[in-house]
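Following: one structure in structure tokens, then a few remarks.
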Amino acid sequence: MDSSATSTRREATRQKLYEAAVTLIAEQGFSATTVDEIAERAGVAKGTVYYNFASKSVLFEELLRHGVGLLTASLKEASEKVAGSGGSQVDALDAMIRAGLVFIDRYPAFTQLYVAELWRTNRAWQSTLMVVRQQAVAVVEDVLRAGVENGELSEEIDIPLTAAALVGMVLVAALDWQAFQPERSLDDVHSALSRLLQGRVSGGR
């Protein structure tokens, strides 16, 4: 069989397992979710889960890598698109805010799990979570650093803390939007966060 076809099919299977796992764990918690349930939700045999992942914990760890990887890629793509069109660094930050909201709107269950796991310290995948979190934050740090270097942003900005705050702002605001203000549109939420960005980070310049 064509190796590329096999690889594509395996990736599709892993994607189904990710989606099944994130939905079930969001509904009933990690400990209460069994491999049998994940397999049933994904529409595959139990052995298929173990063929792709050594254990439920490994599956969840890879799920975190996969999900945050998608978020990081979307943030980077948004930033690069603005840079390619000659936009400012604040424009790039604003584009990343929107990209983050779009991601969270598309993957709400994953976002809830990710935020919840950030606050737990007794998980086997804690070190992995910190690594992938930093990858996402680093994309924002790069834009902030470029803005400081070209004089667009204040040199007084604490780049690591500001980057983490911006990512956290988007995560928390989006979850609040979905849980308590679902009547708002994505454009509405983006507009509110955009105004906050313009006033707090760029100084309204």
Let me confirm one number: the [atom1]-[atom2] distance from [X] to [Y], rounded to the nearest 0.5 Å.
{"X": "Leu93", "Y": "Thr162", "atom1": "CG", "atom2": "OG1", "answer": "10.0 Å"}
{"X": "Asp36", "Y": "Ile38", "atom1": "CG", "atom2": "CD1", "answer": "9.5 Å"}
{"X": "Lys46", "Y": "Thr34", "atom1": "NZ", "atom2": "OG1", "answer": "7.5 Å"}
{"X": "Leu118", "Y": "Leu129", "atom1": "CG", "atom2": "CG", "answer": "5.0 Å"}

Could you tell me which non-hydrogen atom of [X] sits nearest to which non-hydrogen atom of [Y], and how far apart they are?
{"X": "Val143", "Y": "Ser79", "answer": "CG2-OG, 3.3 Å"}
{"X": "Ala99", "Y": "Leu75", "answer": "CB-CD2, 4.4 Å"}
{"X": "Val82", "Y": "Ala95", "answer": "CG2-CB, 3.6 Å"}
{"X": "Ala163", "Y": "Val137", "answer": "CB-CG1, 3.7 Å"}
{"X": "Gln126", "Y": "Glu117", "answer": "OE1-O, 3.9 Å"}
{"X": "Ala42", "Y": "Leu17", "answer": "CB-CD2, 3.8 Å"}

Under 3.5 Å donor-acceptor pairs involving side-chain atoms of residues 167-181, not counting sequence neighbours:
{"residue": "Asp176", "atom": "OD2", "partner": "Gln181", "partner atom": "NE2", "Å": "2.9"}
{"residue": "Trp177", "atom": "NE1", "partner": "Arg184", "partner atom": "O", "Å": "2.9"}
{"residue": "Gln178", "atom": "NE2", "partner": "Ile104", "partner atom": "O", "Å": "3.3"}
{"residue": "Gln181", "atom": "OE1", "partner": "Arg184", "partner atom": "NE", "Å": "2.5"}
{"residue": "Gln181", "atom": "OE1", "partner": "Arg184", "partner atom": "NH2", "Å": "3.4"}

With a 4.5 Å cut-off on side-chain heavy atoms, are Tyr18 and Leu59 touching?
yes

Any side-chain heavy-atom pair from Gln134 and Glu141 closer than 4.5 angstrom?
yes

Start with the C-alpha distance between Leu70 and Tyr107, add both sets of side-chain angles, then the distance that settles side chain to side chain contact (heavy atoms under 4.5 Å, CB included), and finish with yes or no.
CA-CA 10 Å; Leu70 290 176; Tyr107 303 107; 4.0 Å; yes

Going through the distances and angles, do Ser191 and Arg195 end up as a side-chain hydrogen bond (donor to acceptor under 3.5 Å, both in side chains)?
CA-CA 6 Å; Ser191 178; Arg195 284 193 293 271; 2.8 Å; yes

Between the side chain of Ser74 and the main-chain N/O of Leu71, is any donor-acceptor distance below 3.5 Å?
yes

Okay, side chain of Arg14, backbone of Asn52: is any donor-acceptor separation there less than 3.5 Å?
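Yes.
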
Side chain to side chain contact (heavy atoms under 4.5 Å, CB included) assessment of Leu64 paired with Phe110
CA-CA 8 Å; Leu64 291 172; Phe110 171 79; 4.3 Å; yes

Establish, from distance only, whether the side-chain atoms of Thr72 and Gln135 form a donor-acceptor pair under 3.5 Å.
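The criterion, which ignores hydrogens and geometry beyond distance, is not satisfied for Gln135 and Thr72.
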
Enclosure of Arg10 CZ (heavy-atom neighbours >12, cutoff 6.0 Å)
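Buried by this count: over 12 neighbours within 6.0 Å.
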
Heavy atoms from other residues, nucleotides or ligands near CD of Glu155 exceed 12 (cutoff 6.0 Å)
no

Before you tell me yes or no, could you show the steps for Thr111 and Phe103 under side chain to side chain contact (heavy atoms under 4.5 Å, CB included), namely the whole-Å CA-CA distance, both residues' side-chain angles and the distance that decides it to 0.1 Å?
CA-CA 9 Å; Thr111 306; Phe103 174 87; 4.2 Å; yes

Write out all pairs satisfying salt bridge (charged side-chain N to carboxylate O under 4.0 Å, His left out) with one or both partners inside residues 90-99, taking only residues at least two apart or from two chains.
Arg98-Asp187

Please report, to 0.1 Å, the donor-acceptor pairs under 3.5 Å made by any side chain of residues 20-31, with sequence neighbours excluded.
{"residue": "Thr23", "atom": "OG1", "partner": "Glu19", "partner atom": "O", "Å": "2.8"}
{"residue": "Glu27", "atom": "OE1", "partner": "Arg41", "partner atom": "NH2", "Å": "3.4"}
{"residue": "Gln28", "atom": "NE2", "partner": "Thr33", "partner atom": "OG1", "Å": "3.4"}
{"residue": "Gln28", "atom": "NE2", "partner": "Glu37", "partner atom": "OE1", "Å": "2.8"}

